Visitor: 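The structure follows.
The residues of the chain are indexed from 1 along the displayed sequence. From a predicted model like this one, the values you see are computed outputs, not experimental measurements.
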Amino acid sequence: VRVIGPGTGLGEAFWMFDRSSDRWILIRSEGGNTPVPITYAWQVEVIRFFERELGRPVKVEDILCGEGYFLLARFIKEAIEGGNEKMLKSMSIVAEKNRAMLASDFNYRTLDKLCSSGQAPAMLHLFGTFLGLECRRAALTFWGQGDNPGKIVLTGGVVVKNPLLANNPSFASAFQKPATLHPFEKVGPQDYHDEVCSTIPVALMTDHYAGAYGACFHAAKVLTNRTA
């Protein structure tokens, strides 16, 4: 089980079941501090914008967190005002699908507080793309056991408050078939790993107190060991 949580930062951890001890083992990770996964040149423009704003090399946590959300909104605004045709074209690929989803979903109100109604579909496209690529990287880096590829569990305040950031066509394309993200050329042959990732379930942890439960459980375990 790969747990990925965009929130104040980007938390990542992995759970593996150890059959010999009949218990789950937690593997800690600093995945949020790794480079941003990209597949095509248009995504590099986003990286360059973040480098300019932050004044340093960009890590994936810089994009997939609360502050990154606001910087993406600023990037979209600049792309629109500057008439960046290539970027606008890439952001508009799924705009109509995303717009239809937003029109009938209450989460539109949450997204609309941070960017205009015209920018919200582009936000779903960009955030969903980078989140999907990071989930794909985690899925292929930490495999399951045997023929079981495991699953992805999303948590963290950013996606819990705005589920559409993960539940949209751009996330699905980036996670399952990143070749379909290319806006300017015909899609090439399907990669074997596209089929593999299509079989990995992705779930969203909707309980806002999940982190607190885990902390309490760990605290109780530590106290029990000390008094034993």
Visitor: Run the side-chain contact (heavy atoms from CB on, under 4.5 Å) test on Phe175 and Ile152 for me, step by step, so that the C-alpha distance in whole Å, both residues' side-chain angles and the decisive distance to 0.1 Å come before the verdict.
Guide: CA-CA 11 Å; Phe175 180 59; Ile152 298 281; 4.1 Å; yes
Visitor: Just so I know, are the side chains of Asn162 and Leu164 near enough to count as touching, which here means a heavy-atom distance under 4.5 Å?
Guide: no
Visitor: Is there side-chain contact between Leu10 and Cys65, with heavy atoms separated by less than 4.5 Å?
Guide: no
Visitor: Only one of Thr129, Leu124, Leu126, Leu131 passes side chain to side chain contact (heavy atoms under 4.5 Å, CB included) with Ser170; say which it is.
Guide: Thr129
Visitor: With side-chain contact (heavy atoms from CB on, under 4.5 Å) as the criterion, how do Phe127 and Asn168 come out once you've worked through the C-alpha distance, each side chain's angles and the decisive distance to 0.1 Å?
Guide: CA-CA 10 Å; Phe127 198 97; Asn168 67 69; over 6 Å; no
Visitor: Which atoms form the tightest heavy-atom contact between Gly150 and Pro201, and what is the distance?
Guide: O-CD, 3.4 Å
Visitor: Are Leu140 and Phe130 connected in a single hydrophobic cluster, I mean Ile/Leu/Val/Met/Phe/Trp/Tyr linked by side-chain heavy atoms less than 4.5 Å apart?
Guide: yes
Visitor: Between Ala174 and Gly128, which heavy-atom pair has the shortest distance, and what is it?
Guide: CB-O, 4.4 Å
Visitor: Would you say the side chain of Phe14 lies within less than 4.5 Å of the side chain of Thr141, judging by non-hydrogen atoms?
Guide: no
Visitor: Does Asn225 reach the main-chain N or O of Val222 with its side chain, forming a donor-acceptor pair under 3.5 Å?
Guide: no
Visitor: Please report the interatomic distance CG(Leu154) to SG(Cys135), rounded to the nearest 0.5 Å.
Guide: 4.5 Å
Visitor: If we only count heavy atoms from C-beta on, is the Ile25 to Trp15 side-chain gap below 4.5 Å?
Guide: no
Visitor: Measuring from atom CD1 of Ile4 to atom CE of Met205, what distance do you get when rounded to the nearest 0.5 angstrom?
Guide: 13.5 Å
Visitor: Between Asp22 and Arg19, is there a donor-acceptor pair closer than 3.5 Å when you use the side chain of the first and the backbone of the second?
Guide: no
Visitor: Sequence neighbours left out, what pairs pass side-chain hydrogen bond (donor to acceptor under 3.5 Å, both in side chains) with at least one residue falling in residues 2-12?
Guide: Glu12-Arg137
Visitor: Are Met16 and Phe142 co-members of a hydrophobic cluster defined by side-chain heavy atoms under 4.5 Å apart?
Guide: yes
Visitor: Check Pro37 against Val60 and note the closest heavy-atom contact, atom names and distance.
Guide: CD-CG2, 3.9 Å
Visitor: Between Leu133 and Gln43, is there a side-chain heavy-atom distance shorter than 4.5 Å?
Guide: yes
Visitor: Are Phe75 and Val36 grouped together when hydrophobic residues (ILVMFWY) are joined by side-chain heavy atoms under 4.5 angstrom apart?
Guide: yes
Visitor: If you group Ile, Leu, Val, Met, Phe, Trp and Tyr by side-chain heavy-atom gaps below 4.5 Å, do Leu204 and Val158 land in one group?
Guide: yes
Visitor: To the nearest 0.5 Å, what is the distance between CZ on Arg52 and CD1 on Ile47?
Guide: 13.5 Å
Visitor: Would you compute the distance between atom SG of Cys197 and atom CD of Gln176 and round it to the nearest 0.5 angstrom?
Guide: 8.0 Å
Visitor: Hey, does Phe50 have a side-chain heavy atom less than 4.5 Å from the side chain of Leu72?
Guide: yes
Visitor: What are the two closest non-hydrogen atoms of Glu51 and Val58, and how far apart are they?
Guide: CG-CG2, 3.3 Å
Visitor: Side-chain contact test, heavy atoms from C-beta onward, threshold under 4.5 Å: evaluate it for Met123 versus Tyr69 and give yes or no.
Guide: yes
Visitor: Within a reach of under 6.0 Å around CZ of Arg56, are more than 12 heavy atoms found that belong to other residues, nucleotides or ligands?
Guide: yes
Visitor: Under 4.5 Å between side-chain heavy atoms, hopping through other hydrophobics if needed: is there a path connecting Ile63 to Leu71?
Guide: yes
Visitor: Between Leu64 and Glu134, is any pair of side-chain heavy atoms under 4.5 Å apart?
Guide: yes
Visitor: Should we count CD of Glu53 as having more than 12 external heavy atoms under 6.0 Å?
Guide: yes
